[in-house]
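These notes are about the structure you will find just below.
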Amino acid sequence: AAGTLRALRGGPVGPLVGPHLGWRMGKVESRRQLAVDQGRERDEGLIDEGAFTRDQLVQSLENQTCCPSVNLDEVGPDLEALRRIPQRIARQHHALPLKVQGDELKVAVLWPDDRAVLQQLRSVAHCQVSPFLALSHELDAAIDRHYAALDAAVEKIERSDATPSD
């Protein structure tokens with residue numbers, strides 16, 4: 001988060017940190033696309049190649065987008081948040097709703113500066129949306145994991161409601 005504060009105070013810092021000092025976002029994005037073309041997740045490819053550690057990549061992306069990140073291996077969504085965004089929309093936009101606070105929905109997204117995605121999420125959720133940057137492979141795995149758990153919970157409730165009581 002310290003990198004985020006520096007970026008917010010001074011604006012985007014430009015070059016990335018890490019072993020590839022001086023890389024600009026265009027070069028990172030081309031490497032990310034190469035990973036996808038090879039059948040790997042975008043961010044996972046950069047990490048697997050040793051171009052960046054997870055923390056370096058996250059800090060660099062935070063600095064570029066001026067948006068805080070979330071580690072989806074450590075933070076999970078609440079039920080109310082998951083209900084705000086249908087699974088189909090979450091998958092389509094690589095967005096995982098995390099928490100509802102008043103009239104605000106905190107959402108992990110791949111590109112937090114994509115205005116069209118944020119507008120659609122606002123429209124679907126009927127509230128303001130606060131984006132948090134997430135890495136693509138972590139985001140896709142978390143969407144799979146949490147919506148599967150939601151589906152299982154709903155199915156369990158439906159089965160218990162269908163069971164006649166004595």
Side-chain angles (χ1 to χ4, degrees), residues 1 4 7-8 12 16 24-49 51-52 54-159:
T4 302
L8 292 174
L16 296 171
R24 298 273 178 193
M25 285 307 289
K27 186 167 184 175
V28 169
E29 186 52 34
S30 68
R31 294 293 290 266
R32 293 172 92 198
Q33 187 57 50
L34 178 62
V36 169
D37 293 345
Q38 295 171 345
R40 296 182 294 165
E41 294 288 343
R42 289 175 183 257
D43 304 319
E44 195 172 30
L46 285 171
I47 295 168
D48 288 348
E49 289 176 9
F52 297 94
R54 182 203 179 278
D55 291 342
Q56 288 169 333
L57 182 58
V58 166
Q59 181 180 7
S60 296
L61 293 171
E62 283 180 336
N63 288 340
Q64 288 293 324
T65 62
C66 295
C67 182
S69 66
V70 62
N71 184 336
L72 296 172
D73 291 331
E74 297 173 359
V75 175
D78 63 33
L79 183 58
E80 184 181 354
L82 283 174
R83 288 181 173 165
R84 295 277 182 117
I85 305 290
Q87 183 175 0
R88 178 184 60 78
I89 300 293
R91 287 187 192 286
Q92 177 184 354
H93 295 298
H94 302 280
L96 180 67
L98 298 171
K99 185 169 185 65
V100 177
Q101 286 185 319
D103 190 35
E104 176 186 34
L105 177 63
K106 297 180 185 298
V107 181
V109 293
L110 187 57
W111 289 110
D113 53 356
D114 187 330
R115 293 180 187 190
V117 166
L118 297 178
Q119 178 56 42
Q120 182 162 16
L121 295 174
R122 275 192 293 275
S123 176
V124 169
H126 304 291
C127 63
Q128 293 300 314
V129 171
S130 293
F132 287 81
L133 175 86
L135 296 180
S136 61
H137 65 284
E138 293 174 4
L139 188 55
D140 291 341
I143 289 170
D144 290 344
R145 184 172 62 248
H146 294 295
Y147 278 100
L150 176 63
D151 290 345
V154 167
E155 186 177 310
K156 184 177 180 179
I157 291 169
E158 289 172 351
R159 276 197 314 261

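When reading the values below, keep in mind they use all heavy atoms of this one structure, side chains included, and skip hydrogens, waters and symmetry mates.
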Could you pull out the closest heavy-atom pair between [X] and [Y], with the gap in Å?
X	Y	value
His126	Asp103	O-OD1, 3.9 Å
Cys67	Pro112	SG-CB, 3.5 Å
Leu133	Glu62	CD2-N, 3.9 Å
Arg54	Leu135	CG-CD1, 3.7 Å
Phe132	Ser69	CD2-O, 4.2 Å

Rounded to the nearest 0.5 Å, how far apart are [atom1] of [X] and [atom2] of [Y]?
X	Y	atom1	atom2	value
His146	Gln87	NE2	CD	12.5 Å
Gln120	Ile85	CD	CD1	8.5 Å
Leu72	Glu138	CG	CD	6.0 Å
Arg122	Arg84	CZ	CZ	14.0 Å
Gln64	Trp111	CD	CH2	9.0 Å
Asp78	Gln101	CG	CD	9.0 Å

Heavy atoms, side chains only, cut-off 4.5 Å: are [X] and [Y] in contact?
X	Y	answer
Leu139	Ile143	yes
Asp114	Val109	no
Leu105	Leu121	no

For the side-chain contact (heavy atoms from CB on, under 4.5 Å) test, which of Val107, Asp140, Leu82, Leu110 pairs with Leu96?
Leu82

Salt bridge (charged side-chain N to carboxylate O under 4.0 Å, His left out) evaluation trace for Asp144 with Arg91
CA-CA 9 Å; Asp144 290 344; Arg91 287 187 192 286; 2.4 Å; yes

Can you tell me if Ser60 uses its side chain to pair, donor with acceptor, with the backbone of Gln56 under 3.5 Å?
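Here the side-chain-to-backbone pair exists.
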
